[in-house]
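What follows is a single structure, written as structure tokens, with notes after it.
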Amino acid sequence: MSERITGAEALVRCLEAEGVDILFGYPGGVALPIFDALYDSKQVRTILPRHEQGAVHAADGFARATGRCGVALVTSGPGAANTITGIANAYMDSIPLVVITAQVSTAVIGTDAFQEIDITGITVPITKHNYLVKDVAELPEIMKEAFHIATTGRPGPVLIDVPVDVSKGELDFAYPDSVNLPGYKPTYKGHSKQIKQAVSLITRARRPLLYVGGGVISSEGAKELKELAELMQIPVTTTMMGKSVFPEDHHLWIGMPGMHGAKYTNYAITEADLLIAVGVRFDDRVTGKLAAFASKAKIIHVDVDPAEIGKNKAVDVPIVGDAKNVLAGIVAELRKTDAESKSEAWVAVIDEWRKQFPLHYGGHEAGAAGEHLFPQYVVQRVSELTKDRDTIICTEVGQNQMWACQYYTLRHPRSWVSSGGLGTMGFGFPAAIGAQAGRPDALVIDIAGDGSIQMNTQELATAKINGFPVKIVILNNGYLGMVRQWQELFYGRRYSASVLPQDCPDFVKLAEAYGCFGVRVEKPADLDAALQAAFDFDGPAIVDCRVVGEECVYPMVAPGASIDEMLGGVPGCPVSEMLDDDILEEVWE
Amino acid sequence: MRHTLSVVVENKPGVLTRVTSLFARRGFNIDSLAVGTTEDPTLSRITIVCSAAETPIEQITKQVHKLINVIKVQELDPADSVDRELVLFKINAAPERRHEIIEIANVFRAKIVDVGRNSVTIEATGATDKIDAMEDLFRAYGIKEMARTGKIALTRGRES
């Protein structure tokens with residue numbers, strides 16, 4: 001059964017068939033046939049951002065918060081070019097997106113026509129795959145393939161470039177039921193022999209550690225992860241991308257590893273005898289000096305992307321497969337063995353480190369009774385005030401992001417939206433809009449810096465007009481804080497181009513200019529009331545927190561150092577000196 | 001270290017760019033590249049000779065394999081594969097030296113495909129070291145122009 005319709009109408013039908021109900025779209029000349037077709041769709045709601053970068057970040061935030069594929073639609077030339085940062089961001093973090101760009105007509109492609117850009121050429125390195133639709137008859141098949149590729153295997157962004165004559169042309173429409181991609185067959189099931197080997201290592205380990213990343217979130221493997229951790233009493237460290245997949249108030253959660261990981265987390269990695277790496281890619285921000293990373297441990301690496309295994313670090317047991325499947329397989333195999341956990345003493349040691357080297361800041365001045373408003377305290381209060389609500393924490397990039405990592409306690413998968421691999425300033429707020437669009441009942445908070453938030457404030461209009469009550473908590477320290485921190489540590493405090501006047505712009509007035517709620521906080525004593533007022537406000541709100549300017553994110557591993565060599569935080573002795581302690585001896589026998 | 005990769009891809013526009021730009025992006029140098037269709041007209045075979053100083057070849061083959069249009073990637077073992085290259089040499093050849101040049105060509109089982117007033121053009125096929133040896137000999141006469149196709153290769157009989 002087929003029906004004669006235009007390419008643009010077919011495109012909308014395809015979106016409907018894929019279950020798309022929200023699309024972030026910015027129109028323009030050659031995109032108009034598609035926008036015209038969208039006008040009639042009863043299923044697809046088109047949200048107009050104020051910049052194409054905002055559209056893609058919003059689609060990305062939608063995907064992270066819901067687990068569904070995000071969709072953005074823009075016009076050719078500058079519209080397409082403005083999506084690049086958003087696409088690269090999604091690519092680095094393996095987020096499923098379909099980005100549709102309109103293109104000049106096939107007759108003039110390659111002539112430098114008005115608003116022409118070779119977007120498929122440009123995005124080859126930052127998409128999982130991309131298409132230029134040359135014939136309207138191919139459109140349904142390409143749409144089907146694009147959604148399939150974006151959402152399966154290791155997820156990622158797929159771009160479809162649609163020339164205007166293709167969207168105006170006609171075809172006999174039928175949406176295919178299946179795809180035929182001979183070169184694309186992701187492996188989901190882990191090899192049973194490898195799983196048995198992994199189980200054998202796990203049952204023998206005295207100091208095991210689960211090192212878990214975004215792959216477990218995209219495979220929806222939180223339940224299986226928790227089962228494995230609890231069954232064998234294995235402590236869990238989640239990377240920044242893996243945050244929220246394991247409850248952070250669980251006694252086995254031991255924080256985030258790497259450059260701004262807690263001391264106890266990094267010590268645990270350094271001393272582990274078995275590292276079970278699941279859905280992680282041994283990113284340099286996590287590993288520091290590679291040779292020293294988990295150098296005492298056997299390594300099991302589970303990843304759906306075979307190219308990630310062995311890319312940065314040699315592994316003992318490679319398992320290609322979907323994290324959820326493989327974790328379930330390991331648990332099932334473990335249950336057969338009646339193996340008992342041997343890690344009790346190890347867990348106790350890490351708890352001891354946790355007591356000795358907690359995350360800390362500001363000394364006696366911290367807290368509501370203090371004079372100074374510390375950024376970490378702001379995050380702690382946001383965490384405390386929202387702990388009983390369905391909350392999604394989005395962040396910008398920089399100090400604000402790291403403090404959010406360290407001081408907000410996440411409890412549910414997909415409650416964390418933050419730019420990992422690309423480290424995109426300006427991501428958090430449009431992503432928060434996308435998250436809110438996908439999860440209308442959640443309280444969505446963007447923890448921001450005064451630098452990052454200024455990269456996409458135009459989206460306040462999008463939030464206001466579409467009724468997305470996103471809350472922005474700005475840790476306003478008057479600096480590009482992380483840049484300033486590096487300049488302080490490594491460039492002799494020469495604050496080159498990193499100082500932002502703290503009262504420019506006036507964020508309260510900025511919020512008001514867009515019809516939103518704005519409030520400023522200068523003292524700890526006023527913080528809770530201001531946050532509560534913003535959370536209770538029925539619409540977008542900004543809480544401008546004037547925090548201590550020269551606070552740094554600690555602990556910190558200097559670039560190139562090994563992760564147990566940390567600056568700042570509670571002063572501590574190297575791990576090796578602590579091994580004399582009686583409590584520890586048993587574990588390191 | 002030099003490696004010969006045989007990459008079977010879908011015969012679609014832009015696929016070659018995807019493959020080669022991946023090599024460039026990942027810091028692998030392509031020494032030679034040859035592309036043509038296979039027995040199946042919907043597929044092409046790309047033969048790539050590349051050198052990688054430090055990164056193991058496994059990493060680039062895995063990355064290439066990730067491309068949606070790539071069906072198969074194989075590193076060819078020189079002992080278990082046949083490979084050939086086609087070359088055209090246009091050599092300085094005054095009439096009195098022509099004879100020697102033709103004799104060299106005969107030794108290598110190469111063909112004379114054109115003769116000019118002061119030049120001879122020779123076609124040869126063979127493994128890379130044979131072509132290199134010819135090139136070395138002809139240099140003494142002066143190579144005016146040379147074109148090489150790059151290596152094409154297949155595994156020996158037992159495999160498909």
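Quick note on labels: first sequence line is chain A, next is B, and so on, each numbered from 1. Hydrogens, waters and symmetry mates are skipped; everything else that's a heavy atom, side chains included, is used.
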Test your reading of the model: is there a side-chain donor-acceptor pair from Asn89(A) to the backbone of Leu422(A), 3.5 Å cut-off?
no

Between Glu10(B), His65(B), Arg25(B), the one whose heavy-atom pairs under 4.5 Å with chain A are most numerous
Arg25(B)

Within residues 16-23 of chain B, residues adjacent to chain A where the heavy-atom gap is under 4.5 Å
Arg18(B), Ser21(B)

Are Lys66(B) and Asp305(A) within salt-bridge range, i.e. N to O under 4.0 Å?
yes

Polar side-chain atom of Glu18(A) near backbone of Cys14(A) as donor-acceptor pair, under 3.5 Å:
no

Any donor-acceptor N/O pair, Ser218(A) side chain to Gly214(A) backbone, under 3.5 Å
yes

My understanding is that only residues two or more places apart in sequence, or in another chain, count here; which of them pass side-chain contact (heavy atoms from CB on, under 4.5 Å) with Ala277(A)?
Tyr211(A), Val280(A), Phe282(A), His301(A)

Holding to side-chain contact (heavy atoms from CB on, under 4.5 Å), I want the full list of residues that pass it with Leu88(B), two or more places apart in sequence or in another chain.
Val113(B), Glu123(B)

Within the 4.5 Å heavy-atom criterion, are Met146(B) and Val87(B) side-chain neighbours or not?
yes

Verify whether one side chain among Thr120(A) and Asp161(A) offers a donor that lies under 3.5 Å from an acceptor in the other.
no

If we ignore hydrogens and angles and just use 3.5 Å, is the side chain of Thr155(B) paired with the main-chain N or O of Ser81(B) as donor and acceptor?
no

Chain B-proximal positions within residues 125-143 of chain A [heavy-atom distance under 4.5 Å]:
Pro125(A), Lys128(A), His129(A), Asn130(A), Lys134(A)

Main-chain N/O of Pro41(B) paired with Asn11(B) side-chain donor or acceptor, under 3.5 Å:
yes

